Amino acid sequence: MIVRKYDFLYDEKTYAEIPCQLYCPVHTDVQEYVHLISKGKFAEAHALIRETNPFPSVCARVCQHPCETGCNRQKLDKSVSIRTLKRAATDLSEADFIPPPKTYPTLEKIAIIGAGPAGLTAAYDLARLGYRVTVLESEAHPGGMLRYGIPSFRLPREVIDKEVEMIKRAGVDIRYNTRVGKDITLNELRADNKAILLAAGAWKPAMLKVTGEDYEGVYHGTTFMYRVNSGESIPVMGKKVVVIGGGFT
Ligand code: SF4
């Protein structure tokens, strides 16, 4: 079964027979894009992925690929490397991928607070449905956790910028350095918009709940990454550093 119809995007029953597509949070049409890649049709695969995901090049690098957890191929040997194939579709189509035409939505206005992956994905979907979307971002650049939470060696900033350009082509307006509550009030937004989406991010660090984690010189991963990616220097006390956690951060 091939499912591409946008209306069914969030109806899980539609994907019940396709575990990879069901496990993917944006229900990417994995079967079909892998099929297109097998035919050497990288640009078509890229366009198909972009139908439900405005961040294919980002996901190709940093998605935790739950789709592979659901892959039926595991019953035979191991999962298809779906995320890596997404990287092939996006990287190898750079020369011949034609971006969709620029669009100018005309329906009601919607404000989205936060230009991170959640806010921009919602903005992209709403703009393609015809709504006039304005995204308000407190930082000077888009991407939220993608830009300020992930090191650039894992996710080059030009990859984020290219994806955001595509989102803007769908008709999304992004206003930077705009903090809701300081530069504009929620009431002002309510007066001017049909709906408001709060997508301000998940910046609260996972606390260990151990004595001393609030001492000077102890940094939590998200705070540390935010400061590094914002260009701040981090004062280091002493000559030894202990890192708790062996993840990417
Ligand atoms: S890599 Fe991520 S975005 Fe891509 S199909 Fe798998 S779960 Fe979906």
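Here the structure is a predicted model, which means the values were calculated and not measured. Both counts, for ligands and for their atoms, begin at 1 and track the order of listing. Position 1 is the first residue of the sequence, and the numbers go up from there.
- Inside a sphere of radius 2.8 Å centred on atom 2 (Fe) of ligand 1, the protein N/O/S atoms present are Cys63 SG.
- In this structure, Glu213 contributes its side chain and Val218 its backbone to no donor-acceptor pair below 3.5 Å.
- Judged by distance alone, with hydrogens and angles left aside, the side-chain atoms of Arg154 form no donor-acceptor pair with the main-chain N or O of Thr249 at under 3.5 Å.
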Donor-acceptor contacts under 3.5 Å from residues 95-119 side chains, at least two apart:
residue : atom : partner : partner atom : Å
Thr103  : OG1  : Ala170  : O            : 2.9
Lys109  : NZ   : Asp192  : OD1          : 3.3
Lys109  : NZ   : Asp192  : OD2          : 2.9

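- Ligand 1 places these atoms under 4.0 Å from at least one heavy atom of Val30: 5 (S).
- Residue Cys67 holds its SG atom at 9.0 Å from CZ of Arg83, rounded to the nearest 0.5 Å.
- Side-chain contact check for Glu139 and Tyr226: at least one donor-acceptor pair (N or O, by modelled atom type) lies under 3.5 Å.
- Lys168 has a carboxylate O that lies under 4.0 Å from a charged side-chain N of Glu165, or vice versa, which qualifies the two as a salt bridge.
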